[in-house]
Structure formats: structure tokens, C-alpha cells
Amino acid sequence: MRLYERAKKTLHGYSSQTKLAPVAFEGGVNELLQDADENWYIDFTSGTYCSALGHGNTAIAGRVHAQLLSLSNCHSWLTKVKLRVCERLSETLSERLNQFEFYSDGTTAVEAALRLVHLYRPSGSIVSFSGAFHGKSPGAAMLTERAAKGSLPVACDPERNEPNFVRLPYPAKGSGITQSELGRALINVPRPIAGIFVEPIQGVTGCIEPEDWFLPQLSGLCRLEGVLLVVDEIFTGGMRTGKMWAHIEEEVDPNVVLFGKILGGGLPLSGLAMRSEVADLLAGSSTTTTYGGNPVSLAACEVALDILSHPELQANVLEIENILRSTLSNLPLPIRGKGCMFGFDLSFDGSDVFRKLIERGVLTQIEGSTVRLCPPLTSRPEIIRIGVEKIVETIWEEYNLSARD
Ligand SMILES: Cc1ncc(COP(=O)(O)O)c(C=O)c1O
């Protein structure tokens, strides 16, 4: 609290969550976080989904330290670690997605994909879906339903409905949106369509899975009309759902896959995996950024890829999934999610639940009535059980209180 008083003089840039509880974090060990007053919290946020291989991961820290001592940045020059990461990533994806470009945050990777789509069909329509989250910078915000209203330049205001940015209904599981409804909406999109941006599971909006037919149908349409399918796996990629990539279990054939968060092992790293014919579109343009593909983040990514390739990690994710699913099923609410990625909607504003859980040593991500629970993949299942039991207990208390009002 004292730190927050002091910070009032200098610091801006808190999320709505952070404004709810004055906690200052100082350190962490795997799924636990410690605040400046030495209280411990079970972390169901993985440091906004990035520290998903655990806080204070010694393997990542050791490698990053060694890399820092030798080379921390050399712009877009080739480095051995960059080449190794390209080769390792391509082993995890379909063999056609074998060209890589690196950035340092998800939004910049989305902007890069927008640039690609524009180069491909300059005046074509660009499609995204209701509830989508692809970032908050002007271009990415055009794809994002949840972009901060009123905070974008007029030309980029999603409310203005720019003619070539089209948002279609997202057929969330159980939403009742049918294949033919989506088909009709797609027919009305002005042709040609240049690109379609889609999250295989909407993360930020609350871990919302689409109907099973959705991604294969989109992929089929893209093949038929030569549209670039951009699958945004910034949230889901890197075993969050129990699989290395969420789209791979579907019959989906993207032209571009976006990655970030987990793959950086807690350091800023994002990028695009592209088919070569798509990557060739970039030949005439300079698309680099200062920190994109820096050796330190790539070294962390290389260790992350090692960790992610261990079958024990996948088994751990599935064990956590079982604990989350079975414990959360004690709530009177529909629960969504898989792996280390769960969400649900309360029937009331969740701010008090969030604050109470902080007092009880559990950090969650609750925005309005939507709860997201994304613990590190390396979490100890017994600790997650303790945390999720506290979550269920606290929600029941608030639920009973709200029912009495
Ligand atoms: C699917 C998706 N795309 C893009 C972004 C933007 O990433 P960043 O916040 O790293 O800029 C996010 C962030 O949560 C995301 O979940």
C-alpha cells in the first residue's frame, strides 16, 4: 500500500485489475508470487500468461544470463540461436509453415500480419470475429472488439466501421450460431477478402471455444477463395491447451500462425510462422523492429521449447486440467476451457471476489463478471488444487451474498 502511495506521483499504466487491489509483486517461485510485504499468492495468471513455465525458472534464467553476457542485441542479423529457434519451431508446426519473423510483443506481430494481408490484396476485406482480442494498437484494434473505445485515432476507430474491416459473429460453443448463419454472413463480406484473423480459442474474452465445425469451415473457405488465414495463437500457443498448438487438432491449414507469450519463456518474444509464398510478399519491405528477435529472448525461447517438448510437462498440464475441471464443476455455472486455460462468467460483478481472493493468497484474472484462470503449465497440481478450492469457496460466498440482495 505504501508503495502505491509513493507511485501515485510517478506511475501510470495500470490495468483495470491492478486498480482493484494495491499489491506490489517482488518475486516468484514457479506458481507462487511474493509481494513487497512478503505475502505469498498462488498465481492463476502466469504473469499475464507469459511466465507460464513458472516464475523464477532457473533453466531459463541461466541461459538468459549467459546470453546477456555474450550478445544481447544485433538487430536483424542472423545469429545461431535465431536459426536454431526457427528450425525447432518449424518442427512443431505443419511443414508448410516454415518461414519465421520475430517481434517482441503480440500486438506488433498482429500488425506485421496485417501488413502481410494488405500486401497480398491491398483493397481486400479483412475479417475478424466478435469478442476477438488481437491487441490495442491502432491496426490491431481494428480487429479487436474489446479495443479501448475513444482512445484511437479517428481513422482507426473500430466504431467507425471502416469499410474493409468486417467483424462477423463468433460461433462460440453453445451460442446457437449455425453453420448456415455464418455462411450467410460470410457471403455478405465485400470481395475480395484479403485475410481472416481468428483465435482458435478466444483467450482474453474468457477462454471461449468455437463450435467444432468453425475452424475447418473457415479454412475451407480460405482455400477456395485464396484468402490468407491468420491463426492468432499468441494466447493459446505453447501447450496452454494441453497441445503445442490449439489449431493443429482441427483440419485447419493456416497461411500464417502468430505466437508470443509462453514461447518467450517470460521474456518479450513474438512472431509469425508463414508459408513461403506468403513470406515472399515481404521481399520489398523493411519489417524489422529494434528488439524483434533479440538473442536474449530467443535464448529464453529455446529453453522454453526444450521444456515444452517434455512429455511430463504435457502430463502435468492434463493433470491440472482435471483438477480445474472437477473442482470448478462445483460452481453453479457453465465452465469453459482446457489445459491450463479456463474461464467462466459470474452472474454478478467479480471485483469483490477478486479482492477477497487476493486477501486469501490467490491471484486470478477477473474483468467485470468474466473470470480467467491460466496457471503456469509447470504448477504443482497439489498447489493448484488448494488455489482452485479457495476460488470456488469464495465465489460461493459472494454468490450467496448476491442472491440475498
Ligand atoms: C490472441 C492475442 N493476440 C494478440 C495479443 C496482444 O499481445 P500483446 O499484449 O503481447 O501485445 C494478445 C494479448 O493478450 C492475445 O491474447
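Note that ligands are numbered from 1 as they come in the structure, with each ligand's atoms numbered from 1 the same way. Side chains are part of it too, since the values below use all heavy atoms of this structure and drop only hydrogens, waters and symmetry mates. In this chain, numbering begins with 1 at the start of the sequence shown.
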Atom pair CG (Leu305) and CZ (Arg84), whose distance is rounded to the nearest 0.5 Å: 11.5 Å

Centroid separation Phe25 to Tyr41 less than 6.0 Å: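 Yes; Tyr41 has its ring centre under 6.0 Å from that of Phe25.
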
Contact table, ligand 1 N/O with protein N/O, distance under 3.5 Å:
| residue | atom | partner | partner atom | Å |
| --- | --- | --- | --- | --- |
| ligand 1 | 3 (N) | Asp232 | OD1 | 3.4 |
| ligand 1 | 3 (N) | Asp232 | OD2 | 2.7 |
| ligand 1 | 10 (O) | Gly106 | N | 2.8 |
| ligand 1 | 11 (O) | Gly106 | N | 3.4 |
| ligand 1 | 11 (O) | Thr107 | N | 2.8 |
| ligand 1 | 11 (O) | Thr107 | OG1 | 2.5 |
| ligand 1 | 14 (O) | Lys261 | NZ | 3.3 |

Flag side-chain contact, heavy atom, 4.5 Å: Ser46 against Lys261: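 No. Closest side-chain heavy atoms not under 4.5 Å.
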
Applying side chain to side chain donor-acceptor pair (under 3.5 Å), can you list everything that pairs with Ser130, at least two apart in sequence or on another chain? none

Decide yes or no on salt bridge (charged side-chain N to carboxylate O under 4.0 Å, His left out) for Arg360 and Glu397, but give the supporting numbers first. CA-CA 13 Å; Arg360 295 172 182 184; Glu397 280 172 26; 2.9 Å; yes

For Phe214 and Pro210, work out which heavy atoms get closest and say how close. CD2-CB, 3.4 Å

